[in-house]
Amino acid sequence: MLSYRLGPESDPFYYIFSDREWLADYDPAREFPFWLNLEPTNVCQLDCLFCSRRLSTRPLGYMGDEVLEKVVREAGRWPGAAIRFTGWGEPLLHPRLLEFAGRVKEEGIKLKIYTNGLALTEKLMEGFLRVGLDELQFSQQGITPRQYEFNRRGARSDVMRAKALMAARMRGAAPLPFLSVLTSVLEDELREGDSQAYRDEWLRSVDKVAIDLTNLNFVREAPDAKEHLARQSAGLTRGRCVDVFLALEIKYDGAIEFCGQDANASPSHAIGRVGEMGLREAFHSPRMEAQRDLVGRALGHAQSPVCQNCYHNTRKYDLFKEALGDPR
């Protein structure tokens with residue numbers, strides 16, 4: 001379920017979602033990726049049931065100026081390229097995130113930030129308004145407070161809600177940042193809660209609400225996740241990956257990867273490093289093209305340590321098509 005308060009054209013990234021190359025004609029890959037997914041940090045204050053981060057052995061750290069500057073300068077040369085602050089940590093915990101957001105916007109690049117919302121302050125929100133942040137997305141789980149706190153361990157539903165409502169109040173009638181809420185659910189959570197009521201309630205405050213399916217496959221070996229695998233809402237079926245045609249991943253330390261699902265930043269999934277190769281070069285590198293052949297054109301997921309646990313148990317692309325009326 002994907003719903004807009006004022007219609008899909010109000011989305012600052014509608015120009016991407018309505019582009020034929022976004023989903024309909026994504027192969028071969030375009031000249032430069034639609035999205036650059038940047039990981040400001042892999043530090044997080046939560047221990048979520050579904051998150052691969054808790055199985056990661058990667059050192060904790062924060063993106064520095066040099067990595068950001070090289071990414072921003074190259075991306076700024078490609079009209080329409082967008083940046084998302086996301087990754088295996090909570091972006092708002094980066095001590096200089098507001099400066100980073102301002103630098104992205106100085107180059108005229110559209111910017112979206114994914115957040116659990118718990119570290120949002122009025123000062124940060126004032127800054128986002130000032131620099132012209134394009135979208136702030138609050139990531140949740142479940143459609144009831146109980147479900148949220150079960151999945152997002154260490155978080156309180158009332159605190160998250162208060163932060164999101166604060167953002168909406170401060171944004172007021174301003175067009176940006178566009179505010180969105182994304183939640184995902186296990187099968188029984190849909191039966192226990194009222195998804196329509198959840199959507200209607202949030203659309204009184206934010207601009208977009210999406211309800212997707214929780215993916216436990218990447219933590220399927222974790223003892224506390226195994227017992228919940230049967231609660232997933234879809235079977236384990238392979239499908240052609242389109243992400244490898246649409247985006248590029250940059251870790252906090254400058255590592256460039258073909259996929260954001262690798263919490264450990266395994267060498268086998270690396271393409272190169274920012275500063276040692278350009279982003280366009282990485283996007284069209286033999287390593288990236290080989291991965292497109294493996295999981296984007298064939299169904300060779302089993303041959304890739306991360307991709308072997310990636311199944312089409314998410315309807316995110318179908319949600320876009322339904323909400324947009326498939327404008328392509």
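Just so it is clear, the values below take in all heavy atoms, side chains as well, and ignore hydrogens, waters and symmetry mates.
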(request) Taking all non-hydrogen atoms of both residues into account, name the closest pair between Cys44 and Gly89 and its distance. (result) CB-CA, 4.2 Å
(message) If you define the side chain from C-beta out and look only at heavy atoms, does anything of Glu31 sit under 4.5 Å from Phe283?
(response) no
(request) Could you tell me whether Asp47 and Arg152 have a side-chain N and a carboxylate O separated by less than 4.0 Å? (result) no
(request) Begin from the C-alpha positions of Ile143 and Val185 and carry the test side chain to side chain contact (heavy atoms under 4.5 Å, CB included) through to its verdict. (result) CA-CA 7 Å; Ile143 51 178; Val185 291; 3.9 Å; yes
(message) With a 4.5 Å cut-off on side-chain heavy atoms, are Asn151 and Leu186 touching?
(response) yes
(request) Give the minimum heavy-atom separation between Pro177 and Leu136, together with the two atoms involved. (result) CB-N, 4.3 Å
(request) Compute whether any side-chain donor of one residue and acceptor of the other, for Glu135 and Ser180, lie under 3.5 angstrom apart. (result) yes
(request) State whether Arg73 and Glu107 are salt-bridged, where the test is any N-O pair (Lys NZ or Arg NE/NH1/NH2 against Asp/Glu carboxylate O) under 4.0 Å. (result) no
(message) Would you compute the distance between atom CZ of Phe100 and atom CD of Glu69 and round it to the nearest 0.5 angstrom?
(response) 10.0 Å
(message) How close do Leu248 and Leu279 get, counting heavy atoms only, and between which atoms?
(response) CD2-O, 3.5 Å
(request) Ignoring hydrogens and angles, state whether a donor on the side chain of Gln141 or Thr183 is under 3.5 Å from an acceptor on the partner side chain. (result) no
(message) For the residue pair Tyr4 / Asp207, report whether a side-chain donor-acceptor contact shorter than 3.5 Å exists.
(response) no
(request) Enter the distance from Glu99:CD to Glu106:CD here, rounded to the nearest 0.5 Å. (result) 10.5 Å
(message) Once you measure the plane-to-plane angle for Trp35 and Phe17, does it fall in the parallel (<30°), tilted (30-60°) or perpendicular (>60°) bin?
(response) tilted
(request) Decide if the gap between the ring center of His284 and the ring center of Phe32 is smaller than 6.0 angstrom. (result) no
(message) Show the nearest heavy-atom pair for residues Ile109 and Ala81, with the distance to one decimal.
(response) CG2-O, 3.5 Å
(request) Indicate yes or no: at least one non-hydrogen side-chain atom of Leu216 is less than 4.5 angstrom from one of His228. (result) yes
(request) State, yes or no, whether a side-chain contact exists between Arg153 and Asp224 at a heavy-atom distance under 4.5 Å. (result) yes
(message) By the definition ring pair (Phe, Tyr, Trp, His ring centres under 6.0 Å), identify the one residue from Tyr252, Phe85, Tyr62 that meets it with His94.
(response) Tyr62
(request) Show your reasoning for whether side chain to side chain contact (heavy atoms under 4.5 Å, CB included) applies to Ile113 and Phe128. (result) CA-CA 10 Å; Ile113 298 178; Phe128 292 151; 3.8 Å; yes
Going by atom type alone, with no hydrogens or angles, which donor-acceptor pairs under 3.5 Å involve a side-chain atom of residues 117-126 and a protein atom two or more places apart or on another chain?
unit_1 : atom_1 : unit_2 : atom_2 : d
Thr121 : OG1    : Leu124 : N      : 3.1
Glu122 : OE2    : Arg169 : NH2    : 3.2

(request) Calculate, to the nearest 0.5 Å, the distance between atoms OG and CH2 belonging to Ser56 and Trp88 respectively. (result) 8.5 Å
(message) I want to check a possible cation-pi pair here: Arg161 against Trp202, using under 6.0 Å from ring centre and within 45° of the ring axis as the test.
(response) yes
(request) Could you go through the side chain to side chain contact (heavy atoms under 4.5 Å, CB included) check for Lys208 and Leu179 one step at a time? (result) CA-CA 7 Å; Lys208 180 172 69 174; Leu179 300 176; over 6 Å; no
(request) Inspect the surroundings of CZ in Arg156 and state if more than 12 heavy atoms from other residues, nucleotides or ligands are less than 6.0 Å away. (result) no
(message) Hydrogens and angles aside, do Asn116 and Gln45 bring a side-chain donor and acceptor to less than 3.5 Å of each other?
(response) yes
(message) Assess, by modelled atom type and distance only, whether the side chains of Asp243 and Gln261 contain a donor and an acceptor separated by less than 3.5 Å.
(response) no
(request) Using the ring of Tyr26 (Phe, Tyr or Trp, six-membered ring only), decide whether Arg30 places NZ or CZ under 6.0 Å from its centre and within 45 degrees of its axis. (result) no
(request) Sort out for me which residue in Arg103, Lys70, Arg96 forms a salt bridge (charged side-chain N to carboxylate O under 4.0 Å, His left out) with Asp65. (result) Arg96
(message) Salt bridge check, Arg287 against Glu257: does any charged N sit closer than 4.0 Å to a carboxylate O?
(response) no
(message) Suppose the criterion is salt bridge (Lys or Arg N to Asp or Glu O under 4.0 Å): which pairs have a residue in residues 77-95, not counting sequence neighbours?
(response) none
(message) Does Gln291 form a side chain to side chain contact (heavy atoms under 4.5 Å, CB included) with Ser304? I'd like the steps, not just the answer.
(response) CA-CA 9 Å; Gln291 194 64 21; Ser304 175; 3.9 Å; yes
(request) Can you see which heavy atom on Gly142 is nearest to which on Tyr198, and at what distance? (result) O-CE1, 4.0 Å
(request) May I ask you to check whether Trp78 and Phe34 place their ring centers less than 6.0 Å from one another? (result) no
(message) So which atom in Phe245 and which in Asp27 form the shortest heavy-atom distance, rounded to 0.1 Å?
(response) CE2-OD1, 3.3 Å
(message) Counting only heavy atoms not in Glu192 (residues, nucleotides, ligands), do more than 12 fall under 6.0 Å from its CD?
(response) yes
(message) Assess, by modelled atom type and distance only, whether the side chains of Asn264 and Asp262 contain a donor and an acceptor separated by less than 3.5 Å.
(response) no
(message) Any non-hydrogen side-chain atom of Glu149 less than 4.5 Å from a side-chain atom of Met160?
(response) no
